[in-house]
2 protein chains.
Amino acid sequence: MKVTINDVAKLAGVSMKTVSRVINKEPSVRKKTYDIVMSAVKELNYQPNIAARNLAGTSSFAVALVYDNPNAYYVIDMQNGVLSRCKDEGYELVIHPCSSTDAQMQDEFKTMIQRSRLAGLVLTPPLSEQQDIINLLDEMSMPYVRLLSGREEQNEGKNNSILVNDFAAAYEITEHHIHHGHKNIAFVLGDKEHKSTTERFAGYLQALKDNDLSFNPSLVFEGHYSFESGVNGAKHLLADNNKLGVTAILGGNDEVAAGALFAARLMNIEIPAQLSISGFEDSPFSRQTWPKLTTAHQANNVISEHAARLLFSKTRSSRKQEKDIITNFTPSIVVRESTGPAPL
Amino acid sequence: MKVTINDVAKLAGVSMKTVSRVINKEPSVRKKTYDIVMSAVKELNYQPNIAARNLAGTSSFAVALVYDNPNAYYVIDMQNGVLSRCKDEGYELVIHPCSSTDAQMQDEFKTMIQRSRLAGLVLTPPLSEQQDIINLLDEMSMPYVRLLSGREEQNEGKNNSILVNDFAAAYEITEHHIHHGHKNIAFVLGDKEHKSTTERFAGYLQALKDNDLSFNPSLVFEGHYSFESGVNGAKHLLADNNKLGVTAILGGNDEVAAGALFAARLMNIEIPAQLSISGFEDSPFSRQTWPKLTTAHQANNVISEHAARLLFSKTRSSRKQEKDIITNFTPSIVVRESTGPAPL
DNA sequence: AGTTAAATTGACAGCGCTGTCAATTGGCTA
DNA sequence: TAGCCAATTGACAGCGCTGTCAATTTAACT
């Protein structure tokens with residue numbers, strides 16, 4: 001029933017250590033030996049014991065995913081992406097939800113790292129943007145990968161960040177509206193503490209500028225990443241029978257856009273005939289509205305998978321480096337039914 | 001930096017084994033000894049090494065949460081509930097998303113169990129309703145706890161199930177509508193493969209019966225647990241200018257209800273003045289609609305925590321039994337703005 | 001006090017694997 | 001062919017803890 005590394009060694013006619021080398025893809029193993037061992041592994045269906053590896057080795061076989069994010073869809077995508085890579089690599093995934101505002105979080109964080117003897121961790125926004133956490137990890141010289149909102153040129157010299165180009169996404173979405181003849185394009189921003197908010201806003205501004213449209217500050221609503229904020233924002237922007245003449249609204253994310261959509265419906269505004277609305281992220285949320293949202297697709301499960309790859313590439317130097325790790329993602333626009341030409 | 005059980009033993013002036021006994025809350029430890037050891041543990045801030053415990057002991061210190069559920073909110077709640085208990089008990093949580101329809105799932109399942117040397121697992125619907133999985137676990141004599149939709153009387157004799165009384169929830173919600181004077185109460189059902197669907201439907205029927213209202217099959221729409229299904233269901237039920245005279249709709253869950261809400265809005269039906277709509281589960285979804293949904297609150301994080309407790313109580317017989325584990329949950333109605341008196 | 005059983009504690013091996021370092025092999029040059 | 005270095009392999013200890021079982025202490029009796 002239980003197959004140990006010793007059984008494999010006997011069957012292959014080599015030492016345990018050599019089997020260990022094969023399992024861990026260490027160099028200095030002859031091709032022939034490798035094949036013999038591998039066939040023995042397969043014949044016995046050998047499964048390395050993670051606990052023993054953790055105990056005996058210097059580095060452990062567990063990575064943590066740390067998040068403080070109310071968006072369940074986002075979290076699940078992150079988990080699944082990292083998890084799939086972990087399975088391939090034979091690692092365990094420790095999930096660690098936490099509150100970034102909690103004062104004792106750092107302690108709890110430290111305890112977790114000690115207890116689990118982690119090989120490394122993946123940080124998602126907004127924790128990945130918190131300098132004190134980064135410092136703490138650097139102090140402990142613990143490998144980590146950050147998921148951040150940012151542009152490619154900002155990633156130079158760093159080799160532990162995965163950037164999502166929210167600037168470009170916002171730029172593209174704004175141009176989508178502009179090309180549809182929209183002039184008065186409003187923006188319901190997300191939480192301003194999040195870097196994604198400032199990046200998206202910057203992209204929006206740049207697109208306006210590049211298309212010779214003037215920026216009207218009253219078309220910007222400073223809100224939060226929530227449905228309700230979208231409702232409030234849209235109500236505010238469209239107040240007084242839309243005296244501002246808004247014909248398009250960028251929601252800070254899909255939830256915000258869904259809220260805006262709802263508010264517009266309540267005001268008997270036809271979507272997209274009278275008003276175009278777009279979101280960001282392409283969460284399942286964007287398909288649960290009616291009409292479905294035009295949004296910027298961001299493959300969070302893919303992104304998180306690459307984050308995991310990057311982490312693994314840093315963790316095990318003995319293994320050959322993976323060369324196809326993408327560290328810069330640019331969301332691409334998905335046009336659905338919530339946007340269209342500007343009304344005449 | 002690294003504190004081992006040996007350090008604690010020295011400081012406390014006892015053997016390693018005694019420290020081990022204290023850590024594991026084994027019986028046969030004098031109160032005085034216990035206190036001495038515990039103070040040493042605290043002084044050194046000793047953290048047991050999970051890998052070593054797993055390796056040395058017969059049972060491991062990891063439990064798995066297995067799910068096949070597209071509802072991210074549900075999954076997150078489940079995770080958090082089980083996770084909080086795991087932290088208290090010093091266990092690890094292994095999350096295992098999988099597809100119940102996938103043919104090779106059982107194999108993968110087995111592999112996971114072998115690899116991780118699990119102490120036990122928590123199964124959520126619809127996996128918890130699959131007999132082949134139950135059989136497999138029984139064969140391996142692996143402890144598990146099932147989360148199921150069902151009524152208290154059905155839980156007798158079983159000690160590995162946590163029941164959510166969807167019957168009672170549906171009964172209560174249906175009566176809520178009835179007491180508001182509704183007569184033509186429609187129901188957009190969820191997936192009929194899920195036991196929660198049949199339970200909720202049964203509760204609805206019972207409530208109608210107990211209040212001397214006749215059951216009209218054409219007021220039932222067989223749908224799915226999705227927003228879109230809610231839209232379609234409501235459209236169907238309210239067709240032809242509501243010739244069926246529907247004044248209230250039960251959504252199979254909150255997503256369905258949200259869909260129904262949206263469809264009604266599109267038809268310019270006022271909620272709740274002309275039509276009452278209710279959901280189930282009280283997911284964040286139900287607060288992201290406008291008006292907010294009346295629904296049946298189901299504290300999934302609490303439920304999953306009790307599932308974990310139940311599992312732990314079965315896992316370590318040496319530890320004193322927990323007596324306050326709730327194995328039967330009855331959701332309670334939360335009245336918000338989407339329901340009201342029947343129109344005249 | 002003396003005896004006996006029960007409760008409490010400790011010594012020690014070993015869980016399955018990897019790190020260290022020494023032994024062996026093979027490939028190459030002179 | 002001998003000689004030498006690098007590549008490859010193996011022997012062995014030990015990671016931090018728990019199970020086993022024996023040693024010791026305590027309590028409960030004649």
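The chains referred to below are lettered A, B, ... by the order of the sequence lines, with proteins before strands, and numbering in each begins at 1.
- Contact annotation: side chain of A:Arg21 to base of C:dG19, donor-acceptor pair absent below 3.5 Å.
- For A:Ser84, the side chain to side chain donor-acceptor pair (under 3.5 Å) criterion is met by no residue, not counting sequence neighbours.
- Scanning for side chain to side chain contact (heavy atoms under 4.5 Å, CB included) contacts around B:Ala56 gives an empty result, with sequence neighbours left out.
- One N or O on the side chain of A:Asn54 and one on the backbone of A:Phe61 form a donor-acceptor pair closer than 3.5 Å.
- Applying the 4.0 Å criterion to OP1 and OP2 of D:dT9, one finds that A:Ser28 has every side-chain N and O outside that range.
- An OP1 or OP2 oxygen of C:dG16 is reached within less than 4.0 angstrom by a side-chain nitrogen or oxygen of A:Lys2.
- Between B:Leu44 atom CG and D:dG16 atom C1' the separation is 15 Å, expressed in whole Å.
- Contact between the side-chain N/O atoms of B:Asn24 and the OP1/OP2 oxygens of D:dT18 is found at a separation under 4.0 Å.
- Between the CD1 atom of A:Ile23 and the P atom of C:dG16 there is a distance of 15 Å, rounded to whole Å.
- Between B:Arg53 and D:dT18 there is a side-chain polar atom (N or O) within less than 4.0 angstrom of OP1 or OP2.
- The side chain to side chain contact (heavy atoms under 4.5 Å, CB included) test applied to B:Asn301 returns B:Asp77, B:Ala299, not counting sequence neighbours.
- Within the 4.0 Å cut-off from OP1 or OP2 of C:dT9, at least one side-chain nitrogen or oxygen of B:Thr33 is found.
- Every residue two or more places apart in sequence or in another chain that forms a side chain to side chain contact (heavy atoms under 4.5 Å, CB included) with B:Ile326 is listed here: B:His306, B:Phe329.
- Proximity of A:Thr4 to the phosphate of C:dG16: no side-chain N or O atom is located under 4.0 Å from OP1 or OP2.
- Summary of the strand contacts: B:Ala52 and B:Thr18 both lie near DNA chain C, and taking for each the nucleotide with the nearest heavy atom, the more 5' one is attributed to B:Thr18.
- OP1 or OP2 of D:dT9 has not a single side-chain nitrogen or oxygen of A:Ser15 nearer than 4.0 Å.
- With the end axes of the helix from C:dA1-D:dT30 to C:dA30-D:dT1 each set by five pairs, the angle from one to the other reads 30° at 10° resolution.
- If you measure from atom CG of B:Asp7 to atom P of D:dG16, you get 9 Å, rounded to the nearest angstrom.
- Contact record, A:Arg85 with A:Ala308: CB-CB, 3.7 Å, taken as the closest heavy-atom pair.
- In this structure the side chain of B:His96 never reaches within 4.5 angstrom of the side chain of B:Leu121, judged on heavy atoms.
- Legend: residues meeting side chain to side chain donor-acceptor pair (under 3.5 Å) with A:Asn300, ordered by chain and number and at least two apart, are A:Gln298.
- As rounded to whole Å, 16 Å separates atom C1' of C:dC21 from atom CE of A:Met16.
- In this structure, B:Lys25 atom NZ and D:dT18 atom C1' are separated by 17 Å, rounded to whole Å.
- If you find the closest nucleotide of DNA chain C to B:Gly13 and to A:Lys17, the one lying nearer the 5' end belongs to B:Gly13.
- For B:Tyr46, a side-chain nitrogen or oxygen approaches OP1 or OP2 of D:dC17 to under 4.0 Å.
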Exercise answer: donor-acceptor pairs, residues 136-145 of chain A side-chain atoms, under 3.5 Å, sequence neighbours excluded:
residue, atom, partner, partner atom, Å
A:Asp138, OD1, A:Tyr144, OH, 3.1

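- We find that NZ of A:Lys31 is positioned 19 Å from C1' of C:dG26, with the value rounded to whole Å.
- Legend: residues meeting ring pair (Phe, Tyr, Trp, His ring centres under 6.0 Å) with B:Tyr74, ordered by chain and number and at least two apart, are absent.
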Nucleotide N/O of nucleotides 22-24 of chain D paired with protein N/O under 3.5 Å:
none

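- Applying the side chain to side chain donor-acceptor pair (under 3.5 Å) rule to B:Asp35 yields the partners B:Lys31; only residues at least two apart in sequence or on another chain are considered.
- In this entry the distance linking CG of B:Leu55 with P of D:dG19 reads 12 Å, nearest Å.
- Considering only side-chain N and O atoms, B:Lys32 lies nowhere under 4.0 angstrom from the phosphate OP1 or OP2 of C:dT8.
- Atom CD in A:Glu92 sits about 15 Å away from atom C1' in C:dC17, given to the nearest Å.
- The distance from the CG atom of A:Leu44 to the OG1 atom of A:Thr4 is 9.0 Å, given to the nearest 0.5 Å.
- Shown here are the ring pair (Phe, Tyr, Trp, His ring centres under 6.0 Å) partners of B:His194, two or more places apart in sequence or in another chain: B:Tyr225.
- Between A:Ser20 and C:dC17, a side-chain N or O to OP1/OP2 separation shorter than 4.0 Å is absent.
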Using a cut-off of under 3.5 Å, enumerate the N/O to N/O pairs linking the protein to nucleotides 23-25 of chain C.
none

